[in-house]
Amino acid sequence: MSKKFIIGNLKMNGSIAFYNELFTNLKEQLRSIDPNNVDIGLCLPYPYLFLAKNSLSNTNIKWGSQNVAKDKRGAFTGEVSAEMILEFESKYVIIGHSERNTAYCESDQNIAEKFLRVKENGMCPVLCVGETLIEREAGMEKKVVRSQLETLIEKHGTNIFENSIIAYEPIWAIGSDMAASPDQAQNMCAFIKEFIGGNLGSKTGQKTLKKLIKVIYGGSVNDKNALQLLSLEDVDGALIGRCSLDAKKFSDICHSAHRN
Ligand code: PEP
């Protein structure tokens, strides 16, 4: 059984009272999950990282942010650096989520810079890649995902993906109640591993990296479809949007991962 990664993306939701309650419920409901089998992370709005540090330290739940600045420090009004995120003992940072790419015109170059900042600070990037519905209908989904990964490989080399997470999030499946089919999810997650592994020279290197690259699926995962999606060979976990706002649903998904 390989370790699964269940990461919540809380987006711009919640309040101090909401997070206090969510953390209390999750600590209780996830108590029996062995962190060697399932790695659980909650990616929060920045102001609540301090709460997570206070409430979740010494539990099996980790936390992090949903974005990071591409620069290290300085005159960048409104930005939050990787160093600052790390001060709150964060483990995960989501990068390149499609909602940011659309609303804030995030480029692949920016995403590559952000990825590096997260790695330099010893945290784990959760890089989102995925195609639009039009691109899938045109049969271009692999081409699109490959080009998203290529910018990173060109800038930093393939080894940058070691100990990182790639989240395959087809844009049409996010917030839509139309999750990818098991075939679609398995196919793309396997493709991502093969593509990154194939960019490495030696066979041993490929094998090792393939083991170290974690590819998770995101897009309308819920407590009903999680077990099936998480049992797919090349799906190493899930990125959860809406269901991470509900302690019971999120913990049911984590327990499904535990059973795989
Ligand atoms: C997301 O926004 O990353 C996501 C997966 O959302 P949802 O689970 O709500 O589709």
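Atoms within a ligand are numbered from 1 in the order they appear, just like the ligands themselves. Everything numeric in this text was worked out from a predicted model, so none of it was measured.
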What is the distance from atom CG of Asn9 to atom CD of Gln66, rounded to the nearest 0.5 Å?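 Those atoms lie 5.0 Å apart.
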Under the 4.5 Å side-chain heavy-atom rule for ILVMFWY, direct or indirect, which residues accompany Val144?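 Members besides Val144, by chain and number: Met140.
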Looking only at heavy atoms, what is the nearest atom pair of Ile85 and Ser65, with distance?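 Where Ile85 meets Ser65 most closely, the heavy atoms are CD1-OG, 3.4 Å.
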Please determine, by modelled atom types, if Tyr168 and Gln184 share a side-chain donor-acceptor pair under 3.5 angstrom.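 No donor-acceptor contact under 3.5 Å links the two side chains.
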Do Asp39 and Tyr92 have side-chain N/O donor and acceptor atoms under 3.5 Å apart?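 Yes, a side-chain donor-acceptor pair sits under 3.5 Å.
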Go through ligand 1 atom by atom and flag the ones less than 4.0 Å from a non-hydrogen atom of [X].
{"X": "Ile174", "value": "1 (C), 2 (O), 4 (C), 6 (O), 10 (O)"}
{"X": "Ser220", "value": "7 (P), 8 (O), 10 (O)"}
{"X": "Gly219", "value": "5 (C), 10 (O)"}

For [atom], which protein heavy atom lies nearest, and how many Å away is it?
{"atom": "atom 8 (O) of ligand 1", "value": "Gly241 N, 2.9 Å"}
{"atom": "atom 1 (C) of ligand 1", "value": "His97 NE2, 3.3 Å"}
{"atom": "atom 5 (C) of ligand 1", "value": "Glu169 OE2, 3.1 Å"}

Between Lys155 and Glu113, does any NZ, NE, NH1 or NH2 come within less than 4.0 Å of an OD or OE carboxylate oxygen?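 Looking at Lys155 together with Glu113, the answer is yes, because their closest N to O distance falls below 4.0 Å.
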To which of Lys11, Arg242, Glu99 does the heavy atom nearest atom 2 (O) of ligand 1 belong?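 Shortest heavy-atom distance from atom 2 (O) of ligand 1: Lys11.
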Can you confirm, on distance only, whether ligand 1 has an N/O atom lying under 3.5 Å from any N/O atom belonging to Gly175?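 Yes, at least one N or O pair falls under 3.5 Å.
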